[in-house]
Amino acid sequence: ALASTDVRAAQSDLSKAEAAIARLSAEVEQLDSEILALSAKPGGQSGNAMQTLLTKRARAAGSLDEAERRWLAAGTVLE
């Protein structure tokens, strides 16, 4: 059986990961919208602005993946 401190720590980790997932999902969604809007503009698919958005999105998606892994790990501890 898990000690109550382990359960509390896992519950805290789960809550933090859920908050991060929500924040990062919204960030990825916003960046997707910005990428779509920029790509609709003439010449928008090339240049520094698009590269910056794609880089930000890649970082946000990587952070989202990590938050999802932390969420799964905390959930496993609580099972």
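For clarity, every value in this text was computed on a predicted model and none was experimentally measured.
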Open item on the list: Under a 3.5 Å distance rule, please check whether Thr52 uses its side chain to pair with a backbone N or O of Asn48 as donor and acceptor.
Closed with: yes
- [ ] Count the heavy atoms of every other residue, nucleotide or ligand shown that sit under 6.0 Å from CD of Glu18, and state whether that count exceeds 12.
- [x] yes
- [ ] Over all heavy atoms of both residues, which pair between Ala60 and Leu24 is shortest? Give the atoms and the distance, please.
- [x] O-CD2, 4.2 Å
TODO: Search all heavy atoms of Val7 against all heavy atoms of Leu78 and return the closest pair with its distance.
DONE: O-CD2, 3.8 Å
Task: Where Ala74 and Leu14 come nearest, the two heavy atoms and their spacing - done: CB-N, 3.7 Å
Open item on the list: Given 3.5 Å as the limit, does a donor-acceptor pair link the side chain of Ser39 with the main chain of Leu36, or not?
Closed with: yes
- [ ] Output the distance between atom CD1 (Ile21) and atom CG (Leu64), rounded to the nearest 0.5 Å.
- [x] 6.5 Å
Open item on the list: Ignoring hydrogens, what is the shortest heavy-atom contact between Gln45 and Met50? Give both atom names and the distance.
Closed with: O-CG, 3.7 Å
Open item on the list: Other residues, nucleotides and ligands only: do more than 12 of their heavy atoms fall within 6.0 Å of CZ on Arg59?
Closed with: no
Open item on the list: So which atom in Glu34 and which in Leu53 form the shortest heavy-atom distance, rounded to 0.1 Å?
Closed with: OE1-CD2, 3.1 Å
Task: Test log, rule side chain to side chain contact (heavy atoms under 4.5 Å, CB included), inputs Arg8 and Ser4 - done: CA-CA 6 Å; Arg8 282 195 299 272; Ser4 62; 3.6 Å; yes
Open item on the list: Looking at every non-hydrogen atom in both residues, tell me the closest pair between Ala61 and Val28 and how far apart they are.
Closed with: N-CG2, 3.9 Å
- [ ] Please say whether more than 12 non-hydrogen atoms of neighbouring residues, nucleotides or ligands are located less than 6.0 Å from CD in Glu29.
- [x] no
Task: Carboxylate-amine/guanidinium proximity below 4.0 Å for Asp32 and Arg57 - done: yes
